[in-house]
Amino acid sequence: MNNYQLTITVDDKQVVLERILQVTRYRGFLINGINAVVNTGTNIGTIELKVYSERSIDLLIDQINKLIDIKDVYVTKSVPHKTNA
């Protein structure tokens with residue numbers, strides 16, 4: 001399993017977080033943590049999402065980018081899972 005931290009910039013809409021979580025689950029990623037902040041002056045939100053999966057993170061990024069109200073998605077941290085051999 002690989003661990004990833006995504007930073008997602010979004011329009012401040014009520015359903016955007018629900019849509020991101022739904023896509024994350026549908027694409028086979030498990031959530032380790034989430035932090036969401038809204039700049040009320042610009043109505044732009046920033047979501048930090050920690051996920052892990054054996055799947056390629058590009059699959060999740062592509063699907064999140066297809067959602068309306070998404071401004072930007074990028075990986076801020078990627079940590080491959082280490083196995084003890």
Side-chain angles (χ1 to χ4, degrees):
M1 296 263 191
N2 293 312
N3 293 298
Y4 304 99
Q5 181 173 321
L6 301 175
T7 299
I8 307 166
T9 306
V10 300
D11 287 329
D12 181 24
K13 302 286 175 89
Q14 291 182 348
V15 298
V16 71
L17 182 57
E18 292 176 39
R19 289 182 184 145
I20 291 169
L21 294 175
Q22 184 179 40
V23 166
T24 302
R25 185 173 48 88
Y26 283 172
R27 296 298 169 208
F29 286 79
L30 300 172
I31 298 171
N32 279 340
I34 188 167
N35 183 38
V37 178
V38 175
N39 180 336
T40 55
T42 61
N43 290 327
I44 300 295
T46 302
I47 300 169
E48 291 180 353
L49 186 64
K50 294 179 183 178
V51 297
Y52 66 97
S53 179
E54 292 181 3
R55 295 178 160 216
S56 168
I57 193 63
D58 293 331
L59 174 67
L60 181 58
I61 290 172
D62 289 344
Q63 293 302 312
I64 291 174
N65 271 320
K66 290 179 183 178
L67 297 173
I68 53 175
D69 303 321
I70 301 297
K71 299 235 178 255
D72 192 23
V73 180
Y74 57 94
V75 177
T76 54
K77 188 175 182 183
S78 177
V79 180
H81 180 72
K82 296 179 182 178
T83 57
N84 296 331

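Predicted model, so just to flag it, every value in this text is computed and none were measured.
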Q: Treat each ILVMFWY residue as a node, draw an edge where side-chain heavy atoms are under 4.5 Å apart, and state whether Leu49 and Leu59 are in one component.
A: no
Q: Can you measure from CD (Glu48) to CG (Asn35) and round to the nearest 0.5 angstrom?
A: 5.5 Å
Q | Backbone N/O of Gln5 and side chain of Thr76: donor-acceptor pair under 3.5 Å | A | yes
Q | Point-to-point distance, once rounded to the nearest 0.5 Å, from CG of Leu6 to OH of Tyr74 | A | 10.5 Å
**Q.** Close side-chain approach of Ile70 to Ile64, heavy-atom, < 4.5 Å
**A.** yes
Q: Nearest 0.5 Å please: distance from the CG atom of Leu17 over to the CG atom of Asp69.
A: 12.0 Å
Q: Examine Ile44 and Leu67 and state if one hydrophobic cluster contains both, with Ile, Leu, Val, Met, Phe, Trp and Tyr joined whenever side-chain heavy atoms are less than 4.5 Å apart.
A: no
Q.
Is the shortest side-chain heavy-atom distance between Val73 and Leu60 below 4.5 Å?
A. no
Q) Do Leu30 and Ile34 belong together in a cluster built from hydrophobic side chains that touch within less than 4.5 Å? A) no
Q: Over all heavy atoms of both residues, which pair between Tyr4 and Ser78 is shortest? Give the atoms and the distance, please.
A: CE2-OG, 3.3 Å
Side-chain donor-acceptor pairs under 3.5 Å in residues 20-29, sequence neighbours left out?
from, atom 1, to, atom 2, distance (Å)
Gln22, NE2, Tyr26, OH, 3.0
Thr24, OG1, Ile20, O, 2.7
Arg27, NH2, Gln63, OE1, 3.2

Q: Could you tell me the separation between the CD1 atom of Ile47 and the OG1 atom of Thr9, rounded to the nearest 0.5 Å?
A: 9.0 Å
Q. Considering only heavy atoms from C-beta outward, does the side chain of Ile8 approach that of Val16 to under 4.5 Å?
A. no
Q: Could you pull out the closest heavy-atom pair between Glu18 and Gln14, with the gap in Å?
A: OE2-O, 4.2 Å
